[in-house]
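A short write-up of the structure that comes next.
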There are 2 protein chains.
Amino acid sequence: MKLEKAAAQLEALGNPTRLQLYRILVRAGDDGLAVGSVQGKLDIPSSTLSHHLKRLVDTGLVTQERQATTLICRANYPGMNALIGYLADECCADATCAPAVGKALA
Amino acid sequence: MKLEKAAAQLEALGNPTRLQLYRILVRAGDDGLAVGSVQGKLDIPSSTLSHHLKRLVDTGLVTQERQATTLICRANYPGMNALIGYLADECCADATCAPAVGKALA
DNA sequence: ACTCAATTTCGAAAATTATGGAAATAGTGT
DNA sequence: ACACTATTTCCATAATTTTCGAAATTGAGT
């Protein structure tokens with residue numbers, strides 16, 4: 001993973017609304033969630049939500065799939081895993097940070 | 001870790017210059033690096049660097065320690081580990097993403 | 001073609017961030 | 001106190017991000 005891409009993903013997650021949005025999608029699991037359903041949970045105008053969602057999609061952290069008129073959104077786990085891997089690599093490049101990663105695994 | 005704090009840390013890392021800066025500090029290891037040395041590696045004005053550095057310190061990703069006139073900066077591994085743990089927890093809350101975390105461990 | 005529902009794009013205002021030169025500060029030695 | 005170096009703060013400007021109402025679009029059904 002290139003630094004530029006990692007930075008873009010980190011920036012995408014580095015906004016409380018978007019991080020919350022991402023959390024909601026993670027918790028929705030493989031079924032995903034329609035944009036409208038997410039809007040109900042976040043209670044923000046649809047155009048604002050659409051912009052945030054686009055950011056997450058553009059950076060590869062969320063995928064979308066059409067089902068009739070609704071758009072199903074899903075957290076893109078491989079994308080997140082790549083990011084976590086990048087951070088862990090950066091972090092572990094010189095020091096031992098296995099404990100925390102181990103905790104995440106458990 | 002609270003969502004707000006995680007978002008602040010992610011935002012701090014979500015800027016190419018700051019991510020690069022953090023990388024440099026990680027690679028410097030436990031000895032840390034003086035602000036001036038970092039400046040030499042990044043080649044940006046000192047005031048700009050100081051602003052970015054402050055962001056990383058404020059969010060708990062970097063620590064500083066005075067040594068005579070120079071300020072030694074160090075990557076704060078526990079801070080990063082907590083962030084990685086948070087992301088992993090969010091990610092793993094509903095799906096299995098052990099493979100990537102395992103990879104980070106290896 | 002028309003209508004309805006879901007979602008995005010447009011356009012514009014407010015807020016925040018990024019950048020860096022110049023001045024101020026802090027620390028050490030003389 | 002003075003000089004010197006390292007770093008930060010002050011200040012302003014440019015750029016980007018956030019926000020959201022209104023209009024446009026997309027897709028399905030009639």
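Below, read A as the first sequence line, B as the second, and so on, with proteins coming before strands; counting in each chain starts at 1.
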Between CD1 of B/I72 and P of C/dA26 the distance, given in whole Å, is 19 Å
* After noting the C-alpha distance and the side-chain angles of A/L21 and A/L49, does the key distance pass the side-chain contact (heavy atoms from CB on, under 4.5 Å) rule? -> CA-CA 9 Å; A/L21 166 51; A/L49 172 58; 3.9 Å; yes
Between CD of A/Q67 and C1' of C/dA5 the distance, given in whole Å, is 16 Å
Do A/I72 and A/L33 have side chains that approach each other closer than 4.5 Å (heavy atoms only, starting at C-beta)?
no
Would you mind reporting whether A/Q20 and B/L3 have side-chain heavy atoms less than 4.5 Å apart?
-> yes
> What does B/H52 touch in the nucleic acid at a heavy-atom separation under 4.0 angstrom: a base, only the sugar-phosphate, or nothing?
Replying inline: sugar-phosphate
Between CD of B/Q20 and P of C/dT19 the distance, given in whole Å, is 11 Å
Check: A/D58 and A/R55 side chains under 4.5 Å, non-hydrogen atoms
no
note: B/L56, atom CG; C/dT17, atom C1'; distance rounded to Å ~ 14 Å
If the cut-off is 4.0 Å, is B/T48 near the phosphate of C/dG20, judged by side-chain N/O to OP1 or OP2? yes
DNA chain D: first to last nucleotide in contact with chain A (atom under 4.0 angstrom from a heavy atom), 5' to 3', is D/dT17 to D/dA28
note: B/H51, atom NE2; C/dT16, atom P; distance rounded to Å ~ 17 Å
- Query: Across the strands shown, which category fits A/Q39 at heavy-atom distances under 4.0 angstrom: base, sugar-phosphate, nothing?
  - Reply: nothing
- prompt: Is a donor-acceptor pair below 3.5 Å formed from side chain B/S47 to base C/dG20, judging by atom type as modelled?
  reply: yes
**Request:** Could you tell me whether the side chain of B/R74 and the main chain of B/T63 form a donor-acceptor pair under 3.5 Å?
**Result:** no
Hey, are the side chains of B/P78 and B/N76 touching, using non-hydrogen atoms and a 4.5 Å cut-off? yes
Q) Under 4.0 Å between a side-chain N or O of B/N15 and OP1 or OP2 of C/dA18? A) yes
Ranking A/R18 and B/K54 by the position along DNA chain D of their nearest nucleotide, the one closer to 5' is B/K54
Heavy-atom nearest nucleotide on DNA chain C taken for A/S46 and for A/E11; more 5' hit belongs to A/S46
_Contact between B/L19 and A/Y86 at the side-chain level, heavy atoms closer than 4.5 Å - yes or no?_
yes
inquiry  = Using a heavy-atom cut-off of 4.0 Å across all strands, would you classify A/T70 as base, sugar-phosphate, or nothing?
reply    = sugar-phosphate
